[in-house]
Amino acid sequence: MAGLSFRQGTLYTDEHGRGFLLINHNPMALQSLQIPGGNGVFDCAKATLLAIDELIVIRQKGELQDRGDVSKEVLVQILTEVLKKAGLAEGDRQLLETLLQEFRHE
């Protein structure tokens, strides 16, 4: 997988701005973290895991559009809130903490 990069903090929304933010925290398990929200407001306490096959179905339906990636600063804020509020499994928490540290040191 040398030379590959994973997009982080990709925003998917409908025409009203509702949707979710996607964080690729566990690509080896083909899982991402889905944070519901939109219009600049995200419910970090309701972050859930999203399997790659589920994301493929979402993209195929075409109901949500890829709006690009949020800035690194916004991503750091969201990851910090997810770690405080979401009841994630310890393994997922560790992956997110590692990712957060990487963003803070870039």
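Distance check, rounded to the nearest 0.5 Å: OG of Ser32 to CD1 of Ile23 gives 9.0 Å. Distance CZ/Phe103 to CD/Glu73: 11.0 Å, rounded to 0.5 Å. Interatomic distance, Leu75 CG to Leu99 CG, rounded to the nearest 0.5 Å: 6.5 Å.
Linking ILVMFWY side-chain heavy atoms closer than 4.5 Å, directly or via other members, places Val70 and Leu50 in two distinct hydrophobic clusters. Taking hydrophobic clusters as Ile, Leu, Val, Met, Phe, Trp and Tyr residues chained together by side-chain heavy-atom distances below 4.5 Å, Leu100 does not share a cluster with Leu95. Hydrophobic clustering (ILVMFWY, side-chain heavy atoms < 4.5 Å, transitive): Leu22 and Phe42 are in distinct clusters.
Pairs engaging residues 34-47 under the side chain to side chain donor-acceptor pair (under 3.5 Å) rule: none recorded [sequence neighbours left out]. Annotation: salt bridge (charged side-chain N to carboxylate O under 4.0 Å, His left out) contacts involving residues 28-42, sequence neighbours excluded, are absent. Pairs passing the side chain to side chain donor-acceptor pair (under 3.5 Å) check and including a residue from residues 59-68, sequence neighbours excluded, read Arg7-Asp66, Tyr12-Arg59, Thr13-Arg67.
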Problem set entry | Chi angles and distances behind the side chain to side chain contact (heavy atoms under 4.5 Å, CB included) call for Phe20, Thr10 | CA-CA 8 Å; Phe20 62 88; Thr10 305; over 6 Å; no
Exercise. Do Leu33 and Asp92 pass the side chain to side chain contact (heavy atoms under 4.5 Å, CB included) test, and can you show the C-alpha distance, the side-chain angles, and the key distance before you say yes or no?
Worked result: CA-CA 9 Å; Leu33 191 65; Asp92 291 312; over 6 Å; no
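For Ile52, the side chain to side chain contact (heavy atoms under 4.5 Å, CB included) test picks out Leu30, Leu55, Ile56, with sequence neighbours left out. Under the side chain to side chain contact (heavy atoms under 4.5 Å, CB included) criterion, His16 pairs with Asp14, Arg18, sequence neighbours left out. Qualifying side chain to side chain contact (heavy atoms under 4.5 Å, CB included) partners for Glu90, counting only residues two or more places apart in sequence or in other chains: Arg93, Gln94. Under the side chain to side chain contact (heavy atoms under 4.5 Å, CB included) criterion, Thr98 pairs with Glu102, not counting sequence neighbours.
Annotation: side chain of Leu49 is in contact with side chain of His25 (closest heavy-atom distance under 4.5 Å).
Nearest heavy-atom pair, Gly19 versus Leu64, reported as atom, atom and distance to 0.1 Å: CA-CD2, 4.5 Å.
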N/O donor to acceptor pairs below 3.5 angstrom from side-chain atoms of residues 77-84, sequence neighbours left out:
| from | atom 1 | to | atom 2 | distance (Å) |
| --- | --- | --- | --- | --- |
| Thr80 | OG1 | Val76 | O | 2.8 |
| Thr80 | OG1 | Arg104 | NH2 | 3.2 |
| Glu81 | OE1 | Lys85 | NZ | 3.2 |

